[in-house]
Amino acid sequence: MDTFRIHTLGCGSARPTPRHQPSCTVVNFRDNLFMIDCGEGAQRAFQQARLKFPRLGHIFLTHLHGDHVLGLPGLLSTLALGGAGGRLTVHTFEEGERIMRQILDFFAKDLSYDLEFHIIKPEDAIVLDTPSLTVRTVKLHHRVPAVGYIFEEKPKQRHIRRDMIDFHRVPVALIRDIKAGADFVKPDGTVVPNAALTSDADPARSYAHISDTIYMPSLAEKIGPVDLLFHETTYLDEHAAEAKARFHSTARQAAMVARDAGAGALLTGHYSSRYKDESRFVTEAQEVFANTLLNREGLITDVGRLRQ
Ligand SMILES: [Zn+2]
């Protein structure tokens, strides 16, 4: 199956600790890299994960808090050093472009590549549409405007059964239609149904990235049955009141969203620095949603092989 995997580069939250890197995730979709948030140190973590800068085409920011964006000026300046050219698109709110342009005007005046800002709004919308992938935002509820991102692979074509194609002497020119679901009509008028010529397509896979937000029961329906859901678990349930006051979620609440959405698996993260044992997030979440995975820096998660 084509590559669709999630690299966790940072799953800490606002306060730096020796244990965690601030927020940064990279989606590898068919060897195209999409970064979500770019906390301090992201460019170093990116290299440690052996990811390649020329493959990075898009950076999506969830919101303009320092632990999600302060790695961006450094990364954008570094990319100018190689002189490699290419194009990079940063998806962010209007203020995000204004702030970044100011910094770059001073520190990295002459970029050797095309830097483009795509202005998004705190709403539900499609922000990227390619022949094989759609990325859409969902509005979140945090202390500042915030969105989550959902990556959805487009439906794939059916697999050709080579032996049957040969047996029925299907002309090469018709293979495209057959892959798309067409029947084959022989010269004598006999119809060979598509099901006899093809097997089912691989299922289209999906990933949702939800950070940062207060618990939103309505999110489940908007996200739907994604294969993998990252949902922030900043706090444990014992600090639910603080989570609410700070517009964050607990592990239990993230699990409720995963369960109600019908997600295949839940990935934890955005851990508050007060907790020293991250396994507690998983234990708490698993009481509600069994297929919860413990996130950590360096973790690689394959989307679509996770349903139990
Ligand atoms: Zn944060």
Side-chain angles (χ1 to χ4, degrees), residues 6-27 34-46 59-75 90-93 95-96 99-100 103 120-122 137-150 207-216 219 223 229-237 239-255 257-258 266-276 278 280-281 284-285 294-299:
I6 308 303
H7 292 257
T8 300
L9 302 191
C11 55
S13 61
R15 191 183 294 275
T17 73
R19 300 152 57 77
H20 292 295
Q21 183 90 17
S23 291
C24 185
T25 297
V26 172
V27 178
F34 303 85
M35 184 179 280
I36 309 172
D37 285 337
C38 190
E40 251 180 284
Q43 53 173 321
R44 205 161 161 263
F46 188 92
I59 299 177
F60 298 89
L61 300 182
T62 59
H63 64 294
L64 296 170
H65 272 162
D67 58 323
H68 296 254
V69 300
L70 286 179
L72 190 56
L75 173 61
V90 177
H91 304 257
T92 181
F93 302 126
E95 310 89 288
I99 296 162
M100 282 304 149
I103 297 174
I120 59 164
K121 295 194 170 126
T137 49
V138 283
K139 186 182 180 190
L140 301 180
H141 196 189
H142 194 42
R143 299 192 302 280
V144 295
V147 292
Y149 290 97
I150 302 179
Y207 168 67
H209 188 99
I210 303 298
S211 180
D212 303 1
T213 188
I214 199 168
Y215 171 52
M216 293 173 67
L219 259 187
I223 294 170
L229 166 65
F230 165 83
H231 190 299
E232 68 130 289
T233 57
T234 309
Y235 293 95
L236 290 170
D237 220 31
H239 298 115
E242 193 172 334
K244 192 173 174 188
R246 307 279 304 154
F247 290 81
H248 280 298
S249 304
T250 68
R252 177 179 303 279
Q253 291 167 339
V257 174
L266 169 67
L267 200 52
T268 59
H270 199 267
Y271 306 126
S272 162
S273 57
R274 74 176 62 193
Y275 306 106
K276 304 297 172 231
E278 285 80 15
R280 295 177 69 200
F281 292 100
E284 180 176 297
L294 177 63
N295 207 352
R296 59 171 170 78
E297 281 78 6
L299 185 73

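The chain is numbered in sequence order, starting from 1. Ligands are counted one by one from 1 in listed order, and the atoms in each one are counted from 1 as well. Every value quoted in this text rests on a predicted model; they were computed, and no experiment measured them.
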By atom name, which N, O or S atom belonging to Asp212 lies closest to the Zn ion (ligand 1)? OD2
Just do the side-chain contact (heavy atoms from CB on, under 4.5 Å) check on Leu299 and Ile6 with the steps written out, would you? CA-CA 8 Å; Leu299 185 73; Ile6 308 303; over 6 Å; no
Interatomic distance, Leu61 atom CG to Met35 atom CE [nearest 0.5 angstrom]: 10.0 Å
How long is the straight-line distance from OG1 of Thr92 back to NE2 of His68, given to the nearest 0.5 Å? 12.5 Å
Could you measure the distance from the OG1 atom of Thr233 to the OH atom of Tyr271? Nearest 0.5 Å is fine. 5.5 Å
Test side chain to side chain donor-acceptor pair (under 3.5 Å), reference Glu232, set His248, His270, Gln253, output is His248
Among the N, O or S atoms of His68, which one sits nearest to the Zn ion (ligand 1)? NE2
Of all the atoms in His270, is at least one N, O or S atom closer to the Zn ion (ligand 1) than 2.8 Å? yes
Check whether any N, O or S atom of His248 sits under 2.8 Å from the Zn ion (ligand 1). no
At a threshold of 2.8 Å, where the distance has to be below it, does the Zn ion (ligand 1) have an N, O or S atom of Asp67 nearby? yes
